[in-house]
Amino acid sequence: MTGPVSSHQPPIEAESAQLLPPAGAPALSSARQHLMEEYLMSEITRTTPETAPRSAPARRRRLLIAVPAGAAALALAATVAVAALTGAEQTGTFGDRIPAPVVQVAGGQTAQLASTVERISLAAAAAPDLDPKPGQYLYIESTVSNLSSTVDLEKSSSKTWVDKPHTRLVWLAADGRDGRLVEDGKTPAEGQELKGGEGAWSAPSLVFLKGLPTDPQELLQQIYAGTAGQGTGPDQEAFVTIGDLIREQAVPGKLAAALYRAAAKIPGVVLVDSAADAAGRPGIAIARTDPTTGTRSELIFDGSSYAFLGERSVQVTEGKGVKAGTVTANNAVTRRAVVDAVGLRPGAVART
């Protein structure tokens, strides 16, 4: 963080240490990073234990599962600035941050949900699978933008911003045991080494994904069982977990189809006719609003090809000083490929 927290505030280091995973595991996703930032902001702006909202324990419980086993989790603190607001911040510029965009919140409906999800699922099943050989890596390139805030502790005021859309590159071995993350402004230029295991629901490896069932109902039951007691509720956690499985992986087509069909079975899921990813590509979305936070999580697809584009989180009801319609997280997957070495871009030849 960029400044000290006043002494009368309760310490957050111990709680954060319990919530953060062991260093060296797969990268923290943008959506999960947003949830962690939201928690940190609630702790930073709290002045005394008496004035803290009684809903704080629920927020911590949500965070406990919201943070995947990711080495990049420690980097998220850099996006939550604690400092006196300067003239530059007051004019709407702060390094690589821009004012948080506010969009018209499109309504959702269920009338065409089943038929649209079936088209999405058929398109996913027909797409060729990426299957790296031993020694090869999955390469995922994304454009991302996430919520961050600046806080003036003396004035008890804050401003909410988002990162400018920037590039995020991930290389992952199929077994999830090694890889690399390179993200503009978040990691060193050479990237951050990733070390992990065979994966979990919030940070899956390709090996983990290949072990999941492709029957939608059985798959959904496993997701509920694997995330029981986590998040703000079982339905929202199941929906967010489906996004975690898809976001930075090369999900086999039959499994992707099952995931989308499973998502449609979750209570509260709707079809949104108008959405856009972090690259500005328009599409449609399978979405669900968290009744606890008022945030809608959207899985965005091309309206013609039904290919997965990315994700977006939109605040649909005002809360914590965030206006309704504020885009709090945005992700666009722009390329997936198999490469011969970690750090290698598609089309490049590995040095021997």
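The shortest side-chain heavy-atom distance between V314 and V103 falls under the 4.5 Å cut-off. By the 4.5 Å heavy-atom criterion applied to side chains, I286 and V269 are counted as neighbours. You'll find the side chain of H166 reaches within 4.5 Å of the side chain of V144, heavy atoms only. Here the side chains of L259 and P216 are not in contact, with every heavy-atom distance at 4.5 Å or above. Contact annotation: the side chain of P346 approaches that of R335 to within less than 4.5 Å [non-hydrogen atoms, C-beta and beyond]. Using a 4.5 Å heavy-atom threshold, the side chains of V316 and T295 count as separate. A heavy-atom distance below 4.5 Å is not found between the side chains of T227 and P234.
Ion pairing between a basic and an acidic side chain is recognised when a charged N comes within 4.0 Å of a carboxylate O; E318 and K323 show no such pairing. For the pair D163 and K186, the salt-bridge criterion is met [side-chain N within less than 4.0 Å of a carboxylate O]. One finds a salt bridge joining E183 and R168 here, because a Lys/Arg side-chain nitrogen approaches an Asp/Glu carboxylate oxygen to under 4.0 Å. For the pair E118 and R261, the salt-bridge criterion is met [side-chain N within less than 4.0 Å of a carboxylate O]. The pair K133-D340 does not count as a salt bridge, with every side-chain nitrogen at least 4.0 angstrom from each carboxylate oxygen.
There is a path of hydrophobic side-chain contacts, each under 4.5 Å, that joins V342 to Y139. Residue V162 is not grouped with residue V322 when hydrophobic side chains (ILVMFWY) are merged at heavy-atom distances under 4.5 angstrom, including chains of intermediate members. The same ILVMFWY cluster, assembled from side-chain heavy atoms under 4.5 Å apart, contains both L219 and V251. Criterion: ILVMFWY side-chain heavy atoms under 4.5 Å apart, direct or through other members. Under it, L113 and F239 are part of a common hydrophobic cluster. Hydrophobic cluster membership differs between V207 and I140, with clusters built from Ile, Leu, Val, Met, Phe, Trp and Tyr side chains linked at under 4.5 angstrom.
With rounding to the nearest 0.5 angstrom, the CD1 atom of I300 is 10.5 Å from the CD1 atom of I284. For the atom pair N331 CG and T143 OG1, the distance stands at 8.5 Å (nearest 0.5 Å). To the nearest 0.5 Å, the span separating OG1 on T334 from CD on E141 amounts to 4.0 Å. Separating the CZ atom in R288 from the CG atom in L299 is a distance of 12.5 Å, to the nearest 0.5 Å. The line from CG of L122 to OH of Y306 is 10.5 Å long, rounded to the nearest 0.5 Å. From D235, atom CG reaches atom CD1 of I266 across 7.0 Å, with rounding to the nearest 0.5 Å.
The backbone N or O of T241 lies less than 3.5 Å from no partner atom in the side chain of W201, so there is not a single donor-acceptor pair. At least one donor-acceptor pair under 3.5 Å links the side chain of Q249 to the backbone N or O of P204. The backbone N or O of P291 lies less than 3.5 Å from no partner atom in the side chain of T289, so there is not a single donor-acceptor pair. When atom types are taken as modelled, the side chain of S115 and the backbone of Q112 share a donor-acceptor pair closer than 3.5 angstrom. Judged purely by atom type and a 3.5 angstrom limit, S121 uses its side chain to pair as donor or acceptor with the backbone of A257.
Shown here for I242 and I223, the closest heavy-atom pair between the two residues is CG1-CD1, 3.9 Å. Scanning both residues, Q236 and S297, for their nearest heavy atoms gives NE2-OG, 3.6 Å. When every heavy atom of A279 is checked against every heavy atom of A332, the shortest pair comes out as N-CB, 3.5 Å. Of all non-hydrogen atoms in V339 and R345, the two that sit nearest each other are CG1-C, 3.9 Å. Across every non-hydrogen atom of R312 and S274, the tightest pair is NH2-O, 4.0 Å. Taking all atoms of both residues into account, the shortest heavy-atom contact from A285 to E298 is CB-CB, 3.9 Å.
Counting only N and O atoms by type, the side chains of T326 and Q315 include no donor and acceptor under 3.5 Å apart. No side-chain donor-acceptor contact under 3.5 Å links S202 and D244.
Of the residues D129, D175, D131, the one that meets the salt bridge (charged side-chain N to carboxylate O under 4.0 Å, His left out) test with K210 is D131.
Other residues, nucleotides and ligands contribute over 12 non-hydrogen atoms within 6.0 Å of the CD atom of E190.
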Checklist entry - How far apart are the C-alpha atoms of Y137 and L172, what are their side-chain angles, what is the distance that settles it, and do they pass the side-chain contact (heavy atoms from CB on, under 4.5 Å) test? => result CA-CA 5 Å; Y137 290 81; L172 293 173; 5.7 Å; no

Item to check | Pair D290-T232, side chain to side chain donor-acceptor pair (under 3.5 Å): steps then yes or no | outcome: CA-CA 8 Å; D290 187 334; T232 56; 2.7 Å; yes

Next on the checklist: L309 vs F301, test: side-chain contact (heavy atoms from CB on, under 4.5 Å). Steps then yes/no.
Outcome noted: CA-CA 5 Å; L309 298 180; F301 302 85; 5.6 Å; no

Next on the checklist: Go through it in stages, so that I can follow the logic: the residues are V182 and Q192, the test is side-chain contact (heavy atoms from CB on, under 4.5 Å), and I'd like the CA-CA distance, side-chain angles, deciding distance and then a yes or no.
Outcome noted: CA-CA 6 Å; V182 176; Q192 175 180 320; over 6 Å; no

Next on the checklist: Apply side-chain contact (heavy atoms from CB on, under 4.5 Å) to residues L212 and Q222 and explain how you reach the verdict.
Outcome noted: CA-CA 9 Å; L212 297 178; Q222 286 199 18; 4.0 Å; yes

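Using bins of under 30°, 30° to 60° and over 60° for the plane-to-plane angle, the ring pair F308/Y260 lands in the parallel bin.
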